[in-house]
Amino acid sequence: MANDREILREVWEGKLPVCFKLDPDEVVELQQPDPFYLMVPRMSYFPLVTDKIRKHFVKYVANGKQEQEMWLKCNGQPMKWHLPIGLLYDLLIDSEDEALPWVISVHFDKFPDSKIYRLSNKETVESYFMSCIKEADVLKHKTQIATNMQKKDHTQLWLGLQNDKFDQFWAVNRKLMEVSGESDHFKYIPFRCYLEDSYKQKLVKPVAEDGSRKTLQHLLKEVFPDKPNVTVKIHGLIVPLDTPLQWMSEHLSYPDNFLHLCVV
């Protein structure tokens with residue numbers, strides 16, 4: 001299992017300063033509301049950190065719209081709440097324009113149903129998160145560790161993420177990062193490679209037929225056989241191509257246990 005605890009903690013503690021601004025077209029008051037600044041965890045999801053944002057802005061929108069679902073936009077694109085915050089930043093902010101704080105537009109009107117999912121409540125986020133955990137577990141292990149966990153373990157995983165508690169989360173997540181049986185690697189590497197507005201994933205093993213360790217370069221060749229010069233970013237970093245896949249999966253996965261690789 002993952003053993004470089006300092007690396008795990010450094011990745012977990014990554015945060016982004018964000019400046020939230022209510023769309024001027026939705027303001028009904030004479031005076032524009034002040035922006036709202038917040039440090040958000042890269043590893044979390046926006047629905048888990050935006051309660052204060054809604055409370056700050058909702059009184060400035062028309063009465064008939066105050067109960068509508070709040071949604072966010074960056075660079076003209078509606079933001080997909082089911083993707084981790086750090087991944088959204090890496091996808092939406094060009095490397096040459098990485099000025100901070102990250103400016104995000106807040107909306108209560110004209111929800112873009114054709115582009116993003118509606119969010120009924122935080123339980124929806126939890127359900128999606130746990131389904132990703134289980135999918136990753138099926139890929140990594142012949143036995144389904146996540147499915148066989150007790151309800152209290154699932155709850156601890158979720159609360160650790162929701163409350164940004166590293167020790168609480170990893171006390172359970174370490175079980176999902178253990179290798180099974182006599183093997184020293186996962187069956188397959190849970191990952192998604194994001195390119196423009198879609199992503200690719202396929203079954204990729206962390207070891208070759210001869211038993212040698214596969215690297216990120218091997219994965220990219222399997223996923224993008226016609227693109228010889230692909231590089232990826234994760235957690236804001238360009239990962240060296242010779243990094244072993246097994247190590248990456250253990251140490252650089254998001255809390256849902258997937259490697260979310262942004263193609264740049």
Taking all non-hydrogen atoms of both residues, which atom of [X] and which atom of [Y] are closest, and how far apart?
X: Tyr128; Y: Ser131; answer: O-OG, 2.6 Å
X: Gln168; Y: Gly160; answer: OE1-CA, 3.5 Å
X: Thr243; Y: Pro240; answer: OG1-O, 2.8 Å
X: Gln201; Y: Arg192; answer: OE1-NE, 3.2 Å

Worksheet item: Which value, rounded to the nearest 0.5 Å, describes the distance between Ile133 atom CD1 and Trp158 atom CH2?
Response: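 Here the rounded value is 10.5 Å.
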Can you check whether [X] reaches [Y] side chain to side chain, under 4.5 Å on heavy atoms?
X: Leu219; Y: Leu259; result: no
X: Lys122; Y: Gln162; result: yes
X: Leu157; Y: Leu176; result: yes
X: Leu72; Y: Ser105; result: no
X: Phe224; Y: Leu195; result: yes
X: Leu139; Y: Lys187; result: no
X: His107; Y: Met70; result: no
X: Phe186; Y: Met177; result: yes

Discussion item. Does the plane of the ring in Trp81 sit parallel, tilted or perpendicular to the ring in Tyr117? Use 30° and 60° as the thresholds.
Written reply: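 The rings of Trp81 and Tyr117 stand perpendicular, inter-plane angle above 60°.
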Item to complete: On the 0 to 90° scale, with breaks at 30° and 60°, tag the Trp247-His251 ring pair as parallel, tilted or perpendicular.
Response: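 The rings of Trp247 and His251 lie parallel, inter-plane angle below 30°.
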So, [X] and [Y], do they make that salt bridge, N to O below 4.0 Å?
X: Asp23; Y: Lys110; value: no
X: Lys65; Y: Glu26; value: no
X: Asp184; Y: Arg213; value: yes
X: Lys214; Y: Glu222; value: yes

Item to complete: Sort out for me which residue in Lys134, Lys140, His141 forms a side chain to side chain donor-acceptor pair (under 3.5 Å) with Asp137.
Response: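 Considering Lys134, Lys140, His141, a side chain to side chain donor-acceptor pair (under 3.5 Å) with Asp137 is found only for His141.
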Discussion item. Would you say NZ of Lys221 has more than 12 non-hydrogen atoms from neighbouring residues, nucleotides or ligands within 6.0 angstrom?
Written reply: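 Atom NZ in Lys221 is not crowded, with 12 or fewer foreign heavy atoms closer than 6.0 Å.
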Worksheet entry | Exercise: do His82 and Tyr45 side chains pair donor with acceptor under 3.5 Å |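 Looking only at side-chain atoms, Tyr45 and His82 do not form any donor-acceptor pair under 3.5 Å.
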Practice prompt. Verify the cluster assignment for Val49 and Leu91: are they in a single hydrophobic cluster under the rule of side-chain heavy atoms below 4.5 Å apart?
Written response: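 Yes; Leu91 is reachable from Val49 via cluster members.
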Worksheet item: Are Tyr254 and Ile7 linked, directly or through other ILVMFWY residues, by side chains that come within less than 4.5 angstrom of each other?
Response: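 Yes: a chain of side-chain contacts under 4.5 Å links Tyr254 to Ile7.
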Worksheet item: Are the ring centres of Phe169 and Trp12 closer than 6.0 Å?
Response: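 For Phe169 and Trp12, the ring centres are under 6.0 Å apart.
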